[in-house]
2 protein chains.
Amino acid sequence: MPPRSDRTKAAILRAARERFAANGYERTTIRAVAADANIDPSMVIRYFATKEGLFDAALTIDLRLPDLTAVPVVELPGTLVRLFLERWESDPSGDTLLVLLRSAVTNDRAAERVRAIFTRQVAPTLVAALGPQVVPRAALVASQLLGLALTRYLLRLPPVTQMTADEIAETLAPALAATLGLAEA
Amino acid sequence: MPPRSDRTKAAILRAARERFAANGYERTTIRAVAADANIDPSMVIRYFATKEGLFDAALTIDLRLPDLTAVPVVELPGTLVRLFLERWESDPSGDTLLVLLRSAVTNDRAAERVRAIFTRQVAPTLVAALGPQVVPRAALVASQLLGLALTRYLLRLPPVTQMTADEIAETLAPALAATLGLAEA
DNA sequence: TCGGCATGCCAACAGCTGTTGGCCAACGTC
DNA sequence: GACGTTGGCCAACAGCTGTTGGCATGCCGA
């Protein structure tokens with residue numbers, strides 16, 4: 001049977017993710033997380049040893065990218081954008097992606113996580129679909145998609161926030177196709 | 001004649017920009033800035049009233065975008081990328097852009113600055129060159145370029161950092177053309 | 001030459017931070 | 001039913017933070 005403390009740990013993690021997502025690493029205080037989880041600050045330390053430990057535990061991410069080899073190459077760019085926006089807008093694991101991006105800009109530990117996600121999840125998926133020479137172009141695709149997340153969810157740049165996911169996908173798909181070097185049909 | 005304090009103020013601003021760029025807003029302490037500038041922490045408060053005041057003063061930005069109406073439309077996307085990378089890699093006013101982007105992710109005041117730079121500097125320049133209907137597409141261009149800065153200078157994603165500015169410009173130019181809806185020649 | 005103002009430093013404040021150790025109650029096992 | 005173990009809280013610590021007020025020193029105008 002699972003230890004009784006699991007519920008508390010989960011509550012702490014949930015609160016931590018929310019706080020980290022809303023305020024970033026530095027402005028998130030253990031006291032605030034503890035208050036959100038209705039427990040004592042010392043419990044956070046007991047379970048996660050340190051603030052950095054809590055942070056590490058809070059941003060375990062698996063993009064669960066599907067196999068893209070079945071997707072026709074022409075439809076690939078559009079699929080990528082839609083997949084990306086979907087992960088961000090209906091995230092099952094809370095605001096984990098938001099946490100990660102927000103923190104990665106000031107915290108090198110988080111930045112390393114982002115790099116790892118690219119090399120271990122994004123790049124392999126694209127390589128499987130398009131071949132190994134695509135890696136540099138895949139990195140630029142990642143940069144374009146991260147830029148989208150940046151302007152839409154973090155900076156909230158009005159024209160970008162006002163567009164629907166579909167409008168964005170339609171406009172951006174040809175751009176990603178160009179970046180990947182896919183000739184038009 | 002300029003007051004004697006101008007040198008001190010300038011030293012404070014220089015130190016502040018470096019610190020803000022390296023560590024972001026929260027992790028930058030007035031004491032550290034003062035130490036870098038070889039003066040007392042209280043002087044910073046005297047001249048800039050508050051930490052936020054110092055921050056505001058530290059990120060006054062003018063992109064000085066040239067008039068792009070003279071540039072042939074085919075060359076416009078490449079010109080944009082090159083201009084952007086040049087601003088970042090040989091910035092006359094220090095690491096101001098780095099400060100801004102790094103802080104804008106966690107600090108809403110800084111984010112507002114970024115939005116203002118888009119609406120008051122970037123958007124008008126592109127509207128002048130391509131017409132008013134281009135605004136939403138221009139925002140997506142901005143998002144792609146900011147994504148480039150994000151991955152190259154902040155997250156330091158290896159494939160992106162390893163490419164030369166020219167390689168990036170060549171690969172990304174068709175993508176921007178597609179985003180802007182410019183038909184190929 | 002003298003007075004006032006600008007420039008600078010020192011010392012201290014109040015508040016918040018992450019973290020620690022000790023204490024109490026509830027639980028499961030023998 | 002006693003007992004060790006687990007889950008939890010309380011109080012306090014040491015350190016750092018932004019900010020303030022007072023005091024010295026130099027400069028400049030009269």
Side-chain angles (χ1 to χ4, degrees), chain A residues 1-59 99 102-110 113, chain B residues 1-59 99 102-110 113:
Chain A
M1 77 213 87
R4 267 179 305 143
S5 60
D6 275 10
R7 277 183 50 198
T8 306
K9 263 195 233 182
I12 294 177
L13 276 180
R14 199 176 332 121
R17 269 194 267 264
E18 261 180 48
R19 287 279 173 176
F20 281 137
N23 308 112
Y25 182 81
E26 337 284 348
R27 292 176 44 187
T28 296
T29 72
I30 290 194
R31 280 172 167 82
V33 170
D36 289 355
N38 286 315
I39 44 96
D40 190 86
S42 62
M43 301 297 300
V44 178
I45 297 293
R46 171 118 81 187
Y47 288 134
F48 299 97
T50 178
K51 188 181 173 182
E52 282 210 338
L54 173 64
F55 186 65
D56 278 359
L59 41 67
V99 181
R102 181 158 266 156
S103 321
V105 169
T106 45
N107 187 301
D108 194 59
R109 174 182 298 250
R113 291 281 179 119
Chain B
M1 76 214 88
R4 266 180 308 140
S5 61
D6 275 10
R7 278 182 53 196
T8 306
K9 262 195 233 181
I12 294 176
L13 275 179
R14 199 175 332 122
R17 270 194 267 263
E18 261 180 47
R19 287 278 173 178
F20 282 137
N23 307 331
Y25 182 80
E26 336 284 347
R27 291 176 44 189
T28 296
T29 72
I30 291 194
R31 280 171 167 82
V33 170
D36 290 356
N38 286 314
I39 44 96
D40 191 86
S42 63
M43 299 298 299
V44 178
I45 298 293
R46 172 122 68 187
Y47 287 134
F48 298 98
T50 179
K51 187 181 175 183
E52 282 209 338
L54 172 64
F55 186 66
D56 277 358
L59 40 68
V99 181
R102 180 158 267 154
S103 321
V105 169
T106 45
N107 186 300
D108 194 58
R109 176 183 294 251
R113 290 280 180 118

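Here is how names work: the chains are called A, B, and so on, in the same order as the sequence lines, proteins then strands, and each is numbered from 1.
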Per the end-axis method with five pairs at each terminus, what is the bend angle of the helix from dT1(C)-dA30(D) to dC30(C)-dG1(D), to 10°?
0°
Taken to the nearest whole Å, CG/D40(A) to P/dG21(C) is 15 Å
Would you say T8(B) places a side-chain N or O within less than 4.0 Å of OP1 or OP2 belonging to dG8(C)?
yes
Whole-Å gap separating P (dT7(C)) and CD1 (I12(B)):
11 Å
In whole angstroms, how far is the P atom of dA6(C) from the CE atom of M43(B)?
13 Å
Nearest-angstrom distance from the residue atom NZ of K51(A) to P of dT17(C):
9 Å
Donor-acceptor contact below 3.5 Å, side chain R102(A) vs main chain A21(A):
yes
Spacing of F48(B) atom CZ relative to dT20(D) atom C1', expressed in whole Å:
18 Å
Where each residue is assigned the nucleotide of DNA chain C containing its nearest heavy atom, which of R27(A) and A49(A) is assigned the position nearer the 5′ end?
R27(A)
Sub-3.5 Å donor-acceptor pair from the side chain of R109(A) to the main-chain atoms of F55(A), do we have one?
no
So does Y25(B) get a backbone contact from the side chain of K51(B), meaning a donor-acceptor N/O pair under 3.5 Å?
yes
Just to be sure I understand the rule, does Y47(A) reach a base, reach only the sugar-phosphate, or reach nothing, if contact means heavy atoms closer than 4.0 Å?
sugar-phosphate
Does some side-chain heavy atom of I39(A) sit less than 4.5 Å from a side-chain heavy atom of I12(A)?
yes
Heavy-atom nearest nucleotide on DNA chain C for I30(A) versus R46(A): which residue maps closer to 5'?
I30(A)
I45(A) has an atom CD1; how far is it from atom P of dT19(C), in whole Å?
4 Å
So, T50(B) side chain and G53(B) main chain: donor-acceptor pair closer than 3.5 Å or not?
no
Would you kindly give the CD1-to-P distance between I39(B) and dC10(C), to the nearest whole Å?
12 Å
Side-chain contact test, heavy atoms from C-beta onward, threshold under 4.5 Å: evaluate it for L13(B) versus L54(B) and give yes or no.
yes
Provide, to the nearest angstrom, the distance between the CZ atom belonging to R31(A) and the P atom belonging to dC10(D).
13 Å
Kindly say if T50(B) contacts the phosphate of dG18(D), meaning a side-chain N or O under 4.0 Å from OP1 or OP2.
no
Inspect the contact between D56(A) and R113(A) and indicate whether a charged nitrogen and a carboxylate oxygen are less than 4.0 angstrom apart.
yes
Side-chain donor/acceptor contact of S42(A) with base of dC10(D) under 3.5 Å:
yes
